[in-house]
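Written below as structure tokens is the structure these notes are about.
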Amino acid sequence: QVHLVESGGGLVQAGGSLRLSCAASGRTFSEYNMGWFRQAPGKEREFVAVIMWSGNRLYYTDSVKGRFTMSRDNAKNLLYLQMNSLKPEDTAVYYCAAGFRLVLGRTTSDYDYWGQGTQVTVSS
């Protein structure tokens, strides 16, 4: 069992930055691939980024490449998402997720545990 808690969301103007954090507890954090997803009102939850358990491999969805940076600190059981050059279309609830898989999952079914989400609102 893994318990995940996101923080760091808020309201920011377009072009601004936010840093999301995800604190993990329970089973060994370093055993899990970790993902960030987001869900805008009326839309399905969508993949944002994933990082391998070791931190050696990452993958981003095209719409955030060059603007978002995902990282993890296995010693502190923390996951991060640095979001720069934010756009109104980035507005969503952002979720972190943990998955015990051999592949870097990009769908919700690749993850076993989810946080409660943190709201990110980007004004134009």
Side-chain angles (χ1 to χ4, degrees):
Q1 188 78 12
V2 176
H3 185 58
L4 303 172
V5 179
E6 302 95 336
S7 61
L11 174 64
V12 64
Q13 289 188 334
S17 298
L18 283 174
R19 188 194 197 201
L20 305 184
S21 298
C22 173
S25 61
R27 190 171 170 175
T28 306
F29 176 69
S30 60
E31 294 180 347
Y32 287 86
N33 295 334
M34 297 297 297
W36 283 102
F37 286 73
R38 64 187 180 186
Q39 188 166 17
K43 295 188 176 181
E44 293 187 352
R45 193 168 298 189
E46 66 171 0
F47 168 78
V48 175
V50 58
I51 187 168
M52 182 179 276
W53 59 270
S54 63
N56 291 342
R57 289 178 61 197
L58 300 95
Y59 184 83
Y60 299 92
T61 195
D62 286 346
S63 62
V64 308
K65 285 180 181 177
R67 299 189 300 122
F68 290 10
T69 302
M70 186 177 187
S71 61
R72 66 189 297 164
D73 186 337
N74 286 346
K76 296 181 179 179
N77 288 0
L78 288 170
L79 179 73
Y80 303 103
L81 185 68
Q82 177 67 42
M83 305 186 297
N84 299 328
S85 302
L86 282 162
K87 305 175 181 180
E89 51 263 43
D90 294 319
T91 296
V93 177
Y94 283 71
Y95 298 89
C96 65
F100 192 65
R101 302 286 192 279
L102 295 177
V103 296
L104 292 179
R106 304 172 200 175
T107 66
T108 56
S109 61
D110 293 317
Y111 295 86
D112 306 300
Y113 304 101
W114 294 82
Q116 83 291 345
T118 186
Q119 176 71 48
V120 171
T121 303
V122 184
S123 62
S124 58

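Predicted model only: the values in this text are computed from it and were never measured.
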[X] [atom1] to [Y] [atom2] distance, which is reported to the nearest 0.5 Å:
X: Cys22; Y: Leu78; atom1: SG; atom2: CG; result: 8.0 Å
X: Ser63; Y: Lys87; atom1: OG; atom2: NZ; result: 8.0 Å
X: Asn74; Y: Glu31; atom1: CG; atom2: CD; result: 10.5 Å
X: Trp36; Y: Leu81; atom1: CH2; atom2: CG; result: 6.0 Å
X: Tyr80; Y: Cys96; atom1: OH; atom2: SG; result: 12.5 Å

Query - Mutual orientation of the aromatic rings belonging to Tyr95 and Trp114 [parallel < 30°, tilted 30-60°, perpendicular > 60°] - result: perpendicular
**Report entry** Working for salt bridge (Lys or Arg N to Asp or Glu O under 4.0 Å), residues Asp62 and Lys65
**Finding:** CA-CA 5 Å; Asp62 286 346; Lys65 285 180 181 177; 3.0 Å; yes
Please report the closest heavy-atom contact between [X] and [Y], naming both atoms and the distance.
X: Gly117; Y: Val93; answer: CA-CG1, 3.8 Å
X: Thr69; Y: Tyr60; answer: CA-OH, 3.4 Å
X: Thr118; Y: Gly9; answer: OG1-N, 3.2 Å
X: Ala14; Y: Ser124; answer: CB-CA, 4.4 Å

Identify whether [X] and [Y] are in the same connected component of the hydrophobic contact network (ILVMFWY, side-chain heavy atoms under 4.5 Å).
X: Leu4; Y: Val120; result: yes
X: Val2; Y: Val5; result: no
X: Leu58; Y: Phe37; result: no
X: Phe100; Y: Met34; result: yes
X: Ile51; Y: Phe47; result: no

Any side-chain heavy atom of [X] sitting closer than 4.5 Å to one from [Y]?
X: Phe68; Y: Thr61; result: no
X: Met83; Y: Val12; result: no
X: Met70; Y: Leu79; result: yes

Query raised in the report: Is it true that atom NZ of Lys76 has more than 12 heavy atoms of other residues, nucleotides or ligands lying nearer than 6.0 Å?
Result: no
Using atom types as modelled and distance alone, determine if a side-chain donor or acceptor of [X] lies under 3.5 Å from a backbone N or O of [Y].
X: Arg57; Y: Met52; answer: no
X: Arg72; Y: Phe29; answer: yes
X: Glu6; Y: Gln116; answer: yes
X: Arg106; Y: Val50; answer: no
X: Asn33; Y: Trp53; answer: yes

Query raised in the report: Please, which pairs that meet side-chain hydrogen bond (donor to acceptor under 3.5 Å, both in side chains) have at least one residue in residues 13-23, sequence neighbours excluded?
Result: Ser17-Asn84
Report task. Scan Val64, Leu18, Thr91, Thr121 and name whichever one has a side-chain contact (heavy atoms from CB on, under 4.5 Å) with Leu86. Result -> Leu18
Query raised in the report: So among Arg38, Gln119, Gln39, which one has a side chain to side chain donor-acceptor pair (under 3.5 Å) with Tyr94?
Result: Arg38
